Amino acid sequence: MKVSVIGSGHVGLVTGVCFAEKGHEILCVDHDTEKLAKLKKGESPFYEPGMNELLQKHLASKRLQFSNRTEDAVEYGQAIFICVGTPSTARGKADMTFVEKVAQTIAENLKEYRLVIEKSTVPIKTGERIKRTIARYAKGDAQFDVASNPEFLREGSAIEDTLKPDRVVVGVDSAKAESLLREVYAGFNCPIVVTSVGSAELIKHASNSFLALKITFANWLARLCEASGADVEQVVHGMGLDHRIGKHFLNAGIGYGGSCFPKDVDALAHIAEELRVDASMIRGISDMNKGQLQAFYDKIEKELWVLTDKTIAIWGLAFKPNTDDLREAPALRLIEMLKKAGAKIRAHDPVAMPNTRKLHPDLYFAKDAIDAAHGADALVVCTEWPQYRETDLAKVKAVLRVPIIFDGRNCLDRKRAAELNMRLFGIGKSAVGPA
Ligand code: UDX
């Protein structure tokens, strides 16, 4: 089947290559010509495991093509996925400028039936608005449907998540739209949940906000554990074995980041307030998440006393492992706070250093994890990259000026740190090693 994808960012590009992998013929569109030049050479503009391989495979199979013209997308595929960005405005509302522009261009170029599918995370009722926009700007009387097919991919495992989803949600209001989307997903081995367009839109927001709530609950428990002497990992293990709760997304840390959770939680609160539904619970998630990083910073400051002229090693800059994405990364906020207090930073991340350099050219970017720790007054772990777990703590101790570690992701070996007489602070558990 011929499918068009408008917007070749994390969602659009992953969708495009995965549909090509399932045998469809894909045209991906993006207005950024520099990005397109890279893509045509088989190079992903962002780091995502498996992406370059699939890109190259399907450029070669000719099932994947690129264009910078939205008009081409309207002509090419009977199904057109809208995957453009919906950034947050200053007030936390989603900015729908790009979505509206795409809807207008589709309308102006509509010559025969098209199914227009919103895949970007959008506020509820966006489907209705896209429908109204296309009807308003259409030049002829070609038929169309608008559907919602939210994505649930996680950065770092986006391809696996897309090829093997837990479920596919399709929000439709016509039998034709349903049957076309079933054709798109024919090669996927998972339940297809068919709903109204409005319910599909809400499933996406509700899922992300619920996961953010789960993490936030674990982070709140961590604070309770620190105050009471309990251990958060033991507590969430005991909770998570109850199938009604589940063990996933209960890892306490320094707060969630990324392009989705912070934005989607704020957008859901905004939607609720606009509909005059009490949003205090959802607003609370966002406030607690900001407080989590502040509590971590306070812990560092309390232990190190004066931060001016102290050297702090930071392991991990990306908002999570296996990505070079820095959007809403807790490490970046922490670096800003530490710099403001006068500390010097030695930073390391396996893939996110080039992006960080653009924002903070004044940091020292280390050649590896041990180099980052060299001469530092403390080491702070912000992202749980597997290579940090595997780093020999004896080697870390040998290069640190003072053997103090703040493990913001509970990923280092506490027993080993204690054996080496290193002081290690985790999240939601008591510190080990000499005070
Ligand atoms: C998320 C959703 O998981 C995905 O379904 C949606 O489509 C997009 O948003 P993503 O932002 O890529 O995906 O990453 P995710 O793995 O969900 O992690 C988000 C943040 O939560 C990260 O900062 C991560 O470190 C944090 N997190 C996650 C925790 O702090 N604890 C956990 O237990 C899980």
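All residue numbers in this chain count up from 1 along the given sequence. Atoms within each ligand, like the ligands themselves, are counted from 1 in listed order. Keep in mind that what you see is a predicted model, and the values were worked out from it rather than measured.
Classification of the Phe406-Phe425 ring pair by plane angle, with boundaries at 30° and 60°, yields parallel. Phe188 and Tyr185 have perpendicular rings, their planes meeting at more than 60° on a 0 to 90° scale where under 30° would count as parallel. Note: Trp315 and Tyr388 have parallel aromatic rings, judged against thresholds of 30 and 60 degrees for the angle between ring planes.
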Close N/O pairs between ligand 1 and protein, under 3.5 Å:
{"residue": "ligand 1", "atom": "5 (O)", "partner": "Phe152", "partner atom": "O", "Å": "2.8"}
{"residue": "ligand 1", "atom": "7 (O)", "partner": "Glu151", "partner atom": "OE1", "Å": "3.2"}
{"residue": "ligand 1", "atom": "7 (O)", "partner": "Leu153", "partner atom": "N", "Å": "3.4"}
{"residue": "ligand 1", "atom": "7 (O)", "partner": "Leu153", "partner atom": "O", "Å": "2.9"}
{"residue": "ligand 1", "atom": "7 (O)", "partner": "Lys204", "partner atom": "NZ", "Å": "3.1"}
{"residue": "ligand 1", "atom": "12 (O)", "partner": "Glu155", "partner atom": "N", "Å": "2.6"}
{"residue": "ligand 1", "atom": "14 (O)", "partner": "Lys320", "partner atom": "NZ", "Å": "3.1"}
{"residue": "ligand 1", "atom": "16 (O)", "partner": "Lys320", "partner atom": "NZ", "Å": "2.8"}
{"residue": "ligand 1", "atom": "23 (O)", "partner": "Gly257", "partner atom": "N", "Å": "2.9"}
{"residue": "ligand 1", "atom": "23 (O)", "partner": "Phe319", "partner atom": "O", "Å": "3.0"}
{"residue": "ligand 1", "atom": "25 (O)", "partner": "Arg409", "partner atom": "NH1", "Å": "3.4"}
{"residue": "ligand 1", "atom": "30 (O)", "partner": "Arg409", "partner atom": "NH1", "Å": "3.4"}
{"residue": "ligand 1", "atom": "31 (N)", "partner": "Asn251", "partner atom": "O", "Å": "2.9"}
{"residue": "ligand 1", "atom": "33 (O)", "partner": "Leu250", "partner atom": "N", "Å": "3.4"}
{"residue": "ligand 1", "atom": "33 (O)", "partner": "Asn251", "partner atom": "N", "Å": "2.9"}

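Not less than 6.0 angstrom separates the ring centroid of His348 from the ring centroid of Phe365. In this structure, Phe19 has its ring center under 6.0 Å from that of Phe81.
Scored by the side chain to side chain contact (heavy atoms under 4.5 Å, CB included) test, Val193 finds Arg167, Val169, Thr195 as partners (sequence neighbours excluded).
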